[in-house]
A.B. asks: 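Please read through the structure below; I'll follow up with questions.
Positions are given from 1 along the sequence. All heavy atoms count here, side chains included; hydrogens, waters and symmetry mates do not.
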Amino acid sequence: MRIALVLTAAGSSKRFGSDKLAYPIDGKPMLLHALELYDRLSDRFVSRTVVLKTGAEERRMIAERMEYRVAENPDPERGIASSVVIGTEDASKSDPDGILYAVGDQPRVTEKTVLALLETFQKDPTRIVAPIANDRRGNPVLFPKDLIPELLSITGDVGGSQVIARHPERLTTVEVPLAELYDIDTPGREEPRWYVLHGNILSVPKLGELDAVRDGYIVLDADGVIEGVFETLPERFRSGQLADYGDALIMQSFCDMHLHAPQYPMLGMGMDLPLLDWLNTYTFRTEARFADPDYARMHYRSLAEHLVSFGTTRVSMFSSLHTDATLVLMEELERAGISGYVGKVNMDRNSPDYYCETTEESKRETLRWLDACDRFFRIRPIITPRFTPSCSNELMEWLGRIAAERNLPVQSHLSENTSEIEWVHSLHPDCGQYWETYEKYGLWKSDTLMAHCVYSDGRERAAIKAHGVTVVHCADSNTNLSSGVAPIRTMLDEGIKVVLGSDIAGGAQLSMLSVIQMSIRASKIKRIESGWTLPFLSVAEGYYLGTTAGALYFGAKPGFQKGDKLHAVVIDDREYPDTARLSLRERFDRAVYIAESKDIVAVYGDGKRLK
């Protein structure tokens, strides 16, 4: 692959007030950092051009000693575009497959980032490849050969972003540390190194164990990674940028581990029907509408915004069977700052004619979807057979093979309803239990999420634990559709991993606080059914299942721990009665039960403030 480099370094430094590129960073001129970086990577480029202002003889000599080609800009006052055009004209002489455009005032860019951009471009040299951090796109940017004519025609004080704006569908981003994207516009001042949140810090790192730091501090680095939680702010962090939430509650944000995105338009509908009737009367007809990408965009954007407003920052989500709509969903979740998994649903049998795939179509569209997922960095793909009755044996076997070949997690449904279980047995008489229909096709593994498990008996639960499968408890849905109450306390006592899901639209509540409440209530029903022998879930236990347990599935540490990106909500409970009189534990319990979206005044996901 023939890649040319254009390094622009002819700017006038108006905002800086002096010659910015000569300003010392770590003991050397700012521009020298960039020249040395791309000199170390010289073997990666077919040519390297640096654009300098006419008359910058000392810089010319330094650049030429490093074997850069120098192109002069006699009038950089015309704007950034003038340097881009001059550099492009020179770089085009080497007949490159793409041109990497870099700037001289980003001294923190690393070799790792440049190599990641080059490797991403090599996978698909038709894409525009750019670094991104916390939704902030920056330089350097790699453009494909066919866009060179457009780059030669730009004008004004905006560079290649003019071309990106014309072709947003061709942009692929590579996540990098935020500090690398900073350019320096004020002498002696770079972007803040630390960000500090102040308030009452509450987390549940272990099942039922509340950690509380009154009047404490969470310190983040420039990329939103937690540096620590402190009762008193250490001196070295006091220059950081402060977000002072006063007496508000800073708590972990939520993980919704099972929801059906295309059912969002039908929230609250069909709640008088059992599962299978509900699917045929409402669900399949609603999901079929997502064949229209514009319809999908409208509803998925609203869904993503509502999730953030309720403090949900991580998800595992079912889409519809439509590839294009699934990609739209992933785009909208990323745009909102949510991270997690999305699955294109597979279903090639026992489904209405208007909403069903052939086996070959399901395979082909799944591969098309997976091949398009490389452009996402917060939302990743998860293999999603809808449930055993809707997938043929051939399709299940193929999905298991794809999951293994591409090292992908799996999500589906298990033992939700007695009629469903009987149906599964009739389709797979060779399997003694429902779970075996997944296990025999390689879909039953340590990164598998199984929703419901209402009727999982001792043998099925033993298989869940032995294989490290995670149970997604959906109490609201199980009650609404009269499915039953899952034995969650028993599962926890047996060491099974349990997380929570809203399961919209079987569940009618998108707020994970409501889901936590319903899970606690369901456990109290189970206590009554057990003759008062099984303990119900405490508030802290329910909160753990809705936060930490889900975060662990995504590879995070429990609670607010150093090295993790911040996922948090800030709840202002000042308007609640008698707040000043309550302990932090009492305020926590009450917030879980009565906090609404309006009380969630800030949301942080993946280290970035989303609300």
A.B. asks: For residues Val50 and Ala9, report the shortest heavy-atom separation together with the two atoms involved.
C.D. replies: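 Closest heavy-atom pair between Val50 and Ala9: CG2-CB, 4.3 Å.
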
A.B. asks: Can you list the steps and then say if Ser203 with Gln252 is a side chain to side chain donor-acceptor pair (under 3.5 Å)?
C.D. replies: CA-CA 6 Å; Ser203 63; Gln252 295 164 270; 4.7 Å; no

A.B. asks: Could you walk me through whether Leu31 and Asp105 pass the side chain to side chain contact (heavy atoms under 4.5 Å, CB included) test, one step at a time?
C.D. replies: CA-CA 6 Å; Leu31 176 58; Asp105 59 353; over 6 Å; no

A.B. asks: Decide yes or no for Pro140 and Tyr38: does some side-chain heavy atom of the first lie under 4.5 Å from some side-chain heavy atom of the second?
C.D. replies: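 With C-beta onward as the side chain, the pair touches.
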
A.B. asks: If you count the non-hydrogen atoms of other residues, nucleotides and ligands that lie under 6.0 Å from CD in Glu231, is the total more than 12?
C.D. replies: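 Counting neighbours around CD of Glu231, 12 or fewer heavy atoms of other residues, nucleotides or ligands fall under 6.0 Å, so no.
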
A.B. asks: Could you give the distance from CG (Leu181) to CZ (Arg108), rounded to the nearest 0.5 Å?
C.D. replies: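 Output value for this atom pair is 13.0 Å.
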
A.B. asks: Determine whether Leu249 and Leu584 make a side-chain contact, defined as any pair of heavy atoms from C-beta on separated by less than 4.5 Å.
C.D. replies: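 Answer yes - side chains close enough.
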
A.B. asks: Would you say His567's side chain and Gly605's backbone share a donor-acceptor pair under 3.5 angstrom?
C.D. replies: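 No, because the side chain of His567 does not come within donor-acceptor range (under 3.5 Å) of the backbone of Gly605.
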
A.B. asks: Report yes or no: does Thr313 contribute a side-chain atom to a donor-acceptor pair with the main-chain N or O of Gly311 at less than 3.5 Å?
C.D. replies: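 Checking the backbone N and O of Gly311 against the side chain of Thr313, no donor-acceptor pair under 3.5 Å is found.
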
A.B. asks: I need the Thr49 OG1 to Asp90 CG distance, nearest 0.5 Å.
C.D. replies: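 Rounded to the nearest 0.5 Å, the OG1-CG separation comes to 3.5 Å.
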
A.B. asks: Taking NZ, NE, NH1 and NH2 as the nitrogens, is one of them in Arg314 or Asp256 under 4.0 Å from a carboxylate oxygen of the other?
C.D. replies: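 No, this pair does not count.
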
A.B. asks: Less than 4.5 Å apart, any side-chain heavy atom of Arg69 and any of Ser47?
C.D. replies: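 Yes - at least one pair of side-chain heavy atoms lies under 4.5 Å apart.
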
A.B. asks: Would you say Glu334's side chain and Arg378's backbone share a donor-acceptor pair under 3.5 angstrom?
C.D. replies: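 Flag set: sc Glu334 to bb Arg378 pair under 3.5 Å.
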
A.B. asks: I'd like to know if the side chain of Thr548 and the backbone of Val204 have a donor-acceptor N/O pair within less than 3.5 Å.
C.D. replies: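 The answer is yes, because a donor-acceptor pair under 3.5 Å joins these two groups.
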
A.B. asks: Is there a salt bridge (Lys or Arg N to Asp or Glu O under 4.0 Å) between Arg301 and Glu332 once you walk through the steps?
C.D. replies: CA-CA 5 Å; Arg301 179 162 296 183; Glu332 290 303 324; 2.9 Å; yes

A.B. asks: Mind checking the NZ-CG spacing from Lys145 to Leu147? Nearest 0.5 Å is all I need.
C.D. replies: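 Result: 12.5 Å between the selected atoms.
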
A.B. asks: Would a distance-only check, ignoring hydrogens and angles, find a side-chain to backbone donor-acceptor pair under 3.5 Å from Glu180 to Thr110?
C.D. replies: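 Judged by distance alone, yes, a pair lies under 3.5 Å.
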
A.B. asks: Under the side chain to side chain contact (heavy atoms under 4.5 Å, CB included) criterion, do Leu35 and Ile62 qualify, and how do the steps go?
C.D. replies: CA-CA 9 Å; Leu35 291 171; Ile62 294 171; 4.1 Å; yes

A.B. asks: Please test Lys565 against Glu175 for salt bridge (Lys or Arg N to Asp or Glu O under 4.0 Å), starting from the C-alpha separation and ending with a verdict.
C.D. replies: CA-CA 14 Å; Lys565 287 196 172 183; Glu175 190 169 15; 3.2 Å; yes

A.B. asks: Tell me if the centroids of the rings in Phe237 and Tyr217 come within less than 6.0 Å of each other.
C.D. replies: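 Ring-ring flag for Phe237/Tyr217: false, centres at least 6.0 Å apart.
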
A.B. asks: Can the ring centroids of Phe143 and Tyr101 be said to lie less than 6.0 angstrom from one another?
C.D. replies: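 Ring centroids of Phe143 and Tyr101 are less than 6.0 Å from each other.
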
A.B. asks: Considering non-hydrogen atoms only, spot the tightest contact between Val70 and Ala63 and give its length.
C.D. replies: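 Result for this residue pair: CG2-CB, 4.1 Å.
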
A.B. asks: With salt bridge (Lys or Arg N to Asp or Glu O under 4.0 Å) as the criterion, how do Arg170 and Asp124 come out once you've worked through the C-alpha distance, each side chain's angles and the decisive distance to 0.1 Å?
C.D. replies: CA-CA 10 Å; Arg170 295 180 63 178; Asp124 186 352; over 6 Å; no

A.B. asks: Salt bridge check: are Asp324 and Arg297 linked by an N-O gap of less than 4.0 Å?
C.D. replies: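 Looking at Asp324 and Arg297, the cut-off is not met.
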
A.B. asks: May I ask you to check if Arg48 and Tyr68 form a cation-pi contact, with NZ or CZ under 6.0 angstrom from the six-membered ring centre and within 45° of the axis?
C.D. replies: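 Judged by the rule (NZ or CZ under 6.0 Å from the ring centre, within 45° of its axis), Arg48 counts as positioned above Tyr68.
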
A.B. asks: Any idea which heavy atoms bring Ile132 and Phe377 closest together, and the distance?
C.D. replies: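 So the minimum-distance heavy-atom pair works out to CG2-CE2, 3.5 Å.
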
A.B. asks: Could you grab the distance from atom CE of Met317 to atom CD1 of Ile379, nearest 0.5 Å is fine?
C.D. replies: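 So the gap between those two atoms works out to 7.0 Å.
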
A.B. asks: Going by atom types alone, do Asn200 and Asp247 pair a side-chain donor with an acceptor below 3.5 Å?
C.D. replies: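 On atom types as modelled, these side chains qualify, holding a pair under 3.5 Å.
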
A.B. asks: Could you check whether any side-chain heavy atom of Cys373 comes within less than 4.5 Å of a side-chain heavy atom of Met330, counting everything from C-beta outward?
C.D. replies: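 The answer is yes; the side chains approach within 4.5 Å.
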
A.B. asks: Is a side-chain N or O of Asp599 found less than 3.5 angstrom from the main chain of Ile571, in a donor-acceptor match?
C.D. replies: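 Not a single qualifying donor-acceptor pair exists.
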
A.B. asks: Please verify the inter-ring angle class for Phe290 with Tyr300; under 30° counts as parallel, over 60° as perpendicular, anything in between as tilted.
C.D. replies: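 Ring orientation, 0 to 90° scale: parallel.
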
A.B. asks: For Glu67, does the CD atom sit with more than 12 other heavy atoms under 6.0 Å from it, leaving out its own atoms?
C.D. replies: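 No.
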
A.B. asks: Less than 4.5 Å apart, side chain to side chain, heavy atoms only: is that true for Val114 and Val109?
C.D. replies: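 Sidechains of Val109 and Val114: in contact.
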
A.B. asks: Identify the heavy atoms of Ala568 and Ser253 that sit nearest to each other, and give their distance.
C.D. replies: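 Taking Ala568 first and Ser253 second, the nearest heavy atoms are N-OG, 3.4 Å.
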
A.B. asks: Among Tyr553, Tyr341, Phe318, exactly one meets ring-ring contact (aromatic ring centres under 6.0 Å, His included) together with His258. Which residue is that?
C.D. replies: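 With His258 as partner, Tyr553, Tyr341, Phe318 yield a single ring-ring contact (aromatic ring centres under 6.0 Å, His included), made by Phe318.
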
A.B. asks: Could you go step by step and tell me if Lys123 and Asp371 meet the salt bridge (Lys or Arg N to Asp or Glu O under 4.0 Å) rule?
C.D. replies: CA-CA 11 Å; Lys123 293 177 183 177; Asp371 290 342; over 6 Å; no

A.B. asks: With a 4.5 Å heavy-atom cut-off, do Phe45 and Leu100 have their side chains touching?
C.D. replies: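 Yes, close enough: below the 4.5 Å cut-off.
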
A.B. asks: Determine whether a donor-acceptor pair (N or O, by modelled atom type, separation under 3.5 Å) exists between the side chain of Ser82 and the backbone of Arg78.
C.D. replies: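 No.
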
A.B. asks: Passes side chain to side chain contact (heavy atoms under 4.5 Å, CB included), Glu227 versus Leu220? Steps please.
C.D. replies: CA-CA 5 Å; Glu227 181 67 21; Leu220 313 176; over 6 Å; no

A.B. asks: Name the orientation class of the two ring planes belonging to Tyr264 and His306 (parallel below 30°, tilted from 30 to 60°, perpendicular beyond 60°).
C.D. replies: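 The rings of Tyr264 and His306 sit tilted, inter-plane angle from 30° to 60°.
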
A.B. asks: Nearest 0.5 angstrom please: Lys608 NZ to Leu610 CG, how far?
C.D. replies: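 Going from NZ on Lys608 over to CG on Leu610, the span is 6.5 Å.
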
A.B. asks: Sub-3.5 Å donor-acceptor pair from the side chain of Arg609 to the main-chain atoms of Lys611, do we have one?
C.D. replies: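 Yes; judged by distance alone, with no hydrogens or angles, the pair exists.
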
A.B. asks: Considering only heavy atoms from C-beta outward, does the side chain of Arg375 approach that of Arg127 to under 4.5 Å?
C.D. replies: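 In short, these two side chains touch, coming nearer than 4.5 Å.
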
A.B. asks: Hey, could you give me the CG/OG1 distance between Leu370 and Thr323, rounded to the nearest 0.5 Å?
C.D. replies: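 So the CG of Leu370 and the OG1 of Thr323 are separated by 9.0 Å.
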
A.B. asks: Please tell me if the side chains of Val85 and Thr88 come closer than 4.5 Å, counting only heavy atoms from C-beta onward.
C.D. replies: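 In short, these two side chains do not touch, never coming nearer than 4.5 Å.
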
A.B. asks: Answer with yes or no whether the side chains of Ser83 and Asn73 bring together a donor and an acceptor at under 3.5 Å.
C.D. replies: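 A donor-acceptor contact under 3.5 Å links the two side chains.
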
A.B. asks: Give a yes or no on whether a salt bridge exists between Glu64 and Arg59, defined as a side-chain N under 4.0 angstrom from a carboxylate O.
C.D. replies: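 The answer is no: the pair does not qualify as a salt bridge.
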
A.B. asks: Please indicate whether Gln122 has more than 12 foreign heavy atoms, meaning atoms of other residues, nucleotides or ligands, lying under 6.0 Å from its CD.
C.D. replies: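 Counting neighbours around CD of Gln122, more than 12 heavy atoms of other residues, nucleotides or ligands fall under 6.0 Å, so yes.
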
A.B. asks: So with a 6.0 Å cut-off around CZ of Arg574, is the heavy-atom count from everything else above 12?
C.D. replies: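 Incorrect, the count does not exceed 12.
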
A.B. asks: Between the side chain of Asp564 and the main-chain N/O of Lys557, is any donor-acceptor distance below 3.5 Å?
C.D. replies: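 Confirmed, Asp564 side chain pairs with Lys557 backbone.
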
A.B. asks: Give the minimum heavy-atom separation between Pro168 and Ala165, together with the two atoms involved.
C.D. replies: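 For Pro168 versus Ala165, the nearest heavy atoms are CD-O, 3.4 Å.
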
A.B. asks: Can you check whether Ser309's main-chain N or O pairs, donor with acceptor, with Ser597's side chain at less than 3.5 Å?
C.D. replies: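 Side chain of Ser597 to backbone of Ser309: a pair is present.
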
A.B. asks: Identify whether the distance between the nearest side-chain nitrogen and carboxylate oxygen of Glu365 and Lys344 falls below 4.0 Å.
C.D. replies: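 A salt bridge is absent here (no side-chain N lies under 4.0 Å from a carboxylate O).
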
A.B. asks: Any side-chain donor-acceptor pair under 3.5 Å between His322 and Asp292?
C.D. replies: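 No.
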
A.B. asks: Which heavy-atom pair separates Leu202 from Ala212 by the least distance, and what is that distance?
C.D. replies: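 Residues Leu202 and Ala212, closest heavy atoms: CD2-CB, 3.4 Å.
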
